[in-house]
Number of protein chains: 2
Amino acid sequence: MAPTRAHDPRPFKRLKHDHRRCVTTALARAAKVCAASGGRLTALRRWVLELVWQSHRPMGAYDILAALGQKRETVAPPTVYRALEFLRAQGLVHRIESLNAFIGCDQPGEPHSGQFLICRACGRAAEMADGRIDAAMRCGLAEAGFTLERPTVEALGLCPDCRPCAEAGHA
Amino acid sequence: MAPTRAHDPRPFKRLKHDHRRCVTTALARAAKVCAASGGRLTALRRWVLELVWQSHRPMGAYDILAALGQKRETVAPPTVYRALEFLRAQGLVHRIESLNAFIGCDQPGEPHSGQFLICRACGRAAEMADGRIDAAMRCGLAEAGFTLERPTVEALGLCPDCRPCAEAGHA
DNA sequence: CGGCAGGATGTTATCTTATAACATAACGCC
DNA sequence: GGCGTTATGTTATAAGATAACATCCTGCCG
Ligand SMILES: [Zn+2]
Ligand SMILES: [Zn+2]
Ligand SMILES: [Zn+2]
Ligand SMILES: [Zn+2]
């Protein structure tokens with residue numbers, strides 16, 4: 001019933017890691033997801049997904065637009081928004097509401113509602129799927145008589161890598 | 001330490017209630033909060049706060065701008081945004097990230113991080129302060145090595161009043 | 001093959017949300 | 001009354017998102 005994803009206790013990747021691997025994995029998973037759902041992962045959509053995965057920092061639609069503009073003559077906002085909407089519907093990207101930005105999902109497939117950790121220092125975001133948070137929410141809302149359809153859980157703060165710097169620096 | 005607010009198990013008000021009382025209460029509390037903090041609750045700011053409290057539906061900055069425009073000749077966006085920022089800093093209004101809109105806080109005073117329940121049918125939003133959700137979040141994030149500074153918890157769904165209609169209607 | 005239907009993309013214009021930068025006015029204190 | 005601070009007015013623009021319509025593919029049927 002409740003989507004059960006393995007809870008990763010270490011949602012942030014190491015600062016140095018083989019990021020190309022992140023990208024290729026994401027693209028491979030996307031292909032699988034679309035094959036299963038019947039969605040058509042066109043060149044444009046794959047390209048947008050790849051741009052979203054460019055880094056672990058949430059990317060604004062207009063950032064993607066600009067990046068896309070470097071490879072093609074003319075790109076207009078609807079192009080990007082439509083691709084993003086498709087990817088979101090397939091569960092391949094998430095929208096970070098508090099940033100108006102998008103980030104790739106690293107566990108697509110089962111539809112799920114994650115929690116997003118956003119570092120205000122390095123700008124990276126990571127997805128978590130802590131069942132206790134999910135359960136606490138469902139429980140609390142049920143008691144309030146509220147029917148939950150789409151939870152949004154975003155945490156702004158400092159990631160493990162940035163915490164020390166910030167302590168020393170200016171906090 | 002952790003801001004302890006009484007947990008209201010019934011965050012949504014009755015559909016019919018003395019809403020003028022909500023408004024006057026909110027304004028009175030605002031005056032008290034500002035007196036304590038040294039913030040200056042000017043006429044403009046009070047007016048904006050009153051507009052935010054016009055209903056229990058989150059209000060966009062431009063809705064407020066338009067409403068304000070009916071009472072004054074010229075109002076520009078910065079006027080409204082500055083007032084909203086002041087009110088937010090005083091803890092008198094909250095911003096609903098997923099709606100780009102603002103709603104009055106019904107328990108100002110102690111700084112706190114609430115959870116927001118948003119009904120997609122009637123558009124109302126209600127604030128909750130369920131300690132379990134807060135605790136689950138702090139716990140899960142701490143385990144991830146993340147320093148939480150500003151949590152955002154928003155739940156889109158159906159309020160107790162709208163649930164029956166939606167069930168019958170089109171769901 | 002040829003045409004057709006649906007889905008995907010291109011194109012233009014417009015809308016909503018938010019802020020930068022600078023000018024002026026009000027206030028609070030002495 | 002003078003002065004520093006805070007608040008507001010004003011203008012312009014940045015940033016984010018969508019509506020509406022045109023065109024182009026792609027798979028399918030005959
Ligand atoms: Zn990576
Ligand atoms: Zn960081
Ligand atoms: Zn009320
Ligand atoms: Zn409702």
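By convention in this document, chain letters (A, B, ...) are assigned in the order of the sequence lines, proteins followed by strands, and residues within each chain are numbered from 1.
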Inset, instruction - Could you identify which residues cluster with Ile103(A), counting Ile, Leu, Val, Met, Phe, Trp and Tyr as linked when any side-chain heavy atoms lie under 4.5 Å apart, either directly or through a chain of such contacts? - result: Ile96(A), Leu99(A), Phe116(A), Ile118(A), Leu156(A)
Inset, instruction - Could you check whether the rings of His17(A) and His56(A) sit parallel, tilted or perpendicular, using 30° and 60° as the cut-offs? - result: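 His17(A) and His56(A): tilted rings.
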For [X] and [N], give me the distance from atom [atom1] to atom [atom2], rounded to whole Å.
{"X": "Leu65(A)", "N": "dT9(C)", "atom1": "CG", "atom2": "P", "result": "15 Å"}
{"X": "Leu99(A)", "N": "dA18(C)", "atom1": "CG", "atom2": "P", "result": "13 Å"}
{"X": "Ile64(B)", "N": "dA18(C)", "atom1": "CD1", "atom2": "C1'", "result": "13 Å"}
{"X": "Glu73(A)", "N": "dG10(C)", "atom1": "CD", "atom2": "P", "result": "10 Å"}

Legend entry - Contacts of Thr79(B) that satisfy side chain to side chain donor-acceptor pair (under 3.5 Å) - sequence neighbours left out: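 For Thr79(B) there are no side chain to side chain donor-acceptor pair (under 3.5 Å) partners, ignoring immediate neighbours.
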Legend entry - Residues touching DNA chain D, which here means a heavy atom under 4.0 Å, drawn from residues 36-61 of chain B: Arg40(B), Thr42(B), Leu44(B), Arg45(B)
Legend entry - Those residues of residues 76-94 of chain B lying under 4.0 Å from DNA chain D by at least one heavy atom: Ala76(B), Pro78(B), Thr79(B), Arg82(B)
Legend entry - ILVMFWY network linking Val23(A) to Leu84(A), side-chain heavy atoms under 4.5 angstrom: yes
Legend entry - Hydrophobic cluster membership, Leu117(A) vs Trp53(A), 4.5 Å side-chain cutoff: no
Legend entry - Pairs where residues 78-95 of chain B contributes a residue and the test salt bridge (charged side-chain N to carboxylate O under 4.0 Å, His left out) is met, not counting sequence neighbours: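 Found Glu85(B)-Arg88(B), Arg95(B)-Glu97(B).
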Inset, instruction - Provide the start and end nucleotides, 5' to 3', of the part of DNA chain D that has atoms under 4.0 Å from heavy atoms of chain B. - result: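 Answer, 5' to 3': dT6(D) to dT11(D).
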Legend entry - Arg57(A), CZ atom: more than 12 neighbouring heavy atoms under 6.0 Å: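 Count not over threshold, so no.
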Legend entry - Option among Lys16(A), Lys13(A), Arg124(A), Arg14(A) that satisfies the salt bridge (charged side-chain N to carboxylate O under 4.0 Å, His left out) test with Asp161(A):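 With Asp161(A) as partner, Lys16(A), Lys13(A), Arg124(A), Arg14(A) yield a single salt bridge (charged side-chain N to carboxylate O under 4.0 Å, His left out), made by Arg124(A).
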Inset, instruction - Look at the side chain of Arg29(A) and the backbone N and O of Gln107(A), then say whether any donor-acceptor pair between them is shorter than 3.5 Å. - result: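 Not at all, since once roles are kept as given, no pair shorter than 3.5 Å links the two residues.
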Inset, instruction - Say whether, by atom type as modelled, one donor and one acceptor occur between the side chain of His94(A) and the main chain of Gln115(A) under 3.5 angstrom. - result: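 No, His94(A) side chain to Gln115(A) backbone: no donor-acceptor pair under 3.5 Å.
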